Amino acid sequence: MSELTPAQLHQLQTSLTNIRKEMEQQLLLGKTATDTVVLDQSAIGRVSRMDAIQQQSVAVTTRDQTLIRLKQVIAALLAITEDDYGYCHNCGETIDFKRLEVQPESRLCLACQSKADAA
Ligand SMILES: [Zn+2]
């Protein structure tokens with residue numbers, strides 16, 4: 001597998017930057033969603049409160065997942081600036097551009113990812 005061209009690298013850097021912006025926006029909105037329950041507790045009945053708590057836990061799960069991905073995206077952006085991007089963290093091989101296009105924050109090549117998923 002060949003290394004990334006400067007144009008490919010630039011494309012991935014752009015999409016990582018966009019993903020980061022989107023996720024930061026999501027986290028801001030998510031914060032509002034998790035704060036809502038506190039307000040609801042005094043104002044509404046028991047059933048609605050249960051609903052609100054359930055919605056809050058969904059919001060928290062989503063936020064956690066977003067935070068994990070955001071960390072990976074930031075790490076990938078840092079790796080680009082350090083000229084260390086696009087290499088598998090497990091075997092050191094270059095990661096296929098097509099895979100990075102779909103998931104630019106990937107840290108593992110497809111082979112290693114498959115093994116990690118199966119484990
Ligand atoms: Zn690998």
Side-chain angles (χ1 to χ4, degrees):
M1 251 175 261
S2 59
E3 300 201 6
L4 298 168
T5 68
Q8 288 173 332
L9 203 57
H10 181 74
Q11 182 191 325
L12 294 168
Q13 188 173 27
T14 305
S15 65
L16 279 165
T17 306
N18 288 336
I19 292 169
R20 185 165 114 171
K21 273 186 213 150
E22 267 174 42
M23 284 197 299
E24 282 170 348
Q25 197 64 35
Q26 261 179 42
L27 286 170
L28 286 173
L29 294 171
K31 192 181 181 306
T32 315
T34 51
D35 287 347
T36 313
V37 176
V38 181
L39 296 173
D40 287 347
Q41 275 177 348
S42 57
I44 53 178
R46 192 165 178 224
V47 174
S48 303
R49 196 159 70 226
M50 297 290 279
D51 273 356
I53 288 167
Q54 202 162 31
Q55 278 168 22
Q56 185 192 35
S57 79
V58 170
V60 168
T61 306
T62 309
R63 194 187 57 187
D64 286 352
Q65 285 164 351
T66 306
L67 273 174
I68 290 168
R69 193 170 176 219
L70 181 60
K71 274 185 200 160
Q72 290 170 344
V73 168
I74 290 170
L77 282 165
L78 190 69
I80 289 176
T81 64
E82 290 176 348
D83 217 12
D84 191 29
Y85 175 74
Y87 301 98
C88 175
H89 282 234
N90 187 49
C91 68
E93 290 292 315
T94 51
I95 302 173
D96 194 40
F97 175 64
K98 286 214 158 46
R99 172 166 166 73
L100 291 171
E101 252 189 324
V102 179
Q103 208 182 341
E105 75 277 21
S106 300
R107 292 162 59 96
L108 297 174
C109 71
L110 200 56
C112 291
Q113 185 68 60
S114 305
K115 278 184 218 159
D117 288 345

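Because the structure is predicted, anything quoted here is derived from the model rather than measured. All residue numbers in this chain count up from 1 along the given sequence. In listed order, ligands and their atoms are each counted from 1.
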Rounded to the nearest 0.5 Å, how far does [atom2] of [Y] lie from [atom1] of [X]?
X	Y	atom1	atom2	value
K21	M23	NZ	CE	13.0 Å
L67	Q26	CG	CD	10.5 Å
H10	I80	NE2	CD1	10.5 Å

_Using every non-hydrogen atom in the two residues, find where E101 and Q11 come nearest and quote the distance to one decimal._
OE2-NE2, 3.1 Å
*asked:* I need the protein N, O or S atoms closer than 2.8 Å to the Zn ion (ligand 1), given as residue plus atom name.
replied: C88 SG, C91 SG, C109 SG, C112 SG
*Side-chain heavy atoms under 4.5 angstrom apart, residues restricted to Ile, Leu, Val, Met, Phe, Trp, Tyr: same cluster for V73 and L100?*
yes
*asked:* Under the rule for side-chain contact (heavy atoms from CB on, under 4.5 Å), what residues qualify as partners of Q65, not counting sequence neighbours?
replied: T61
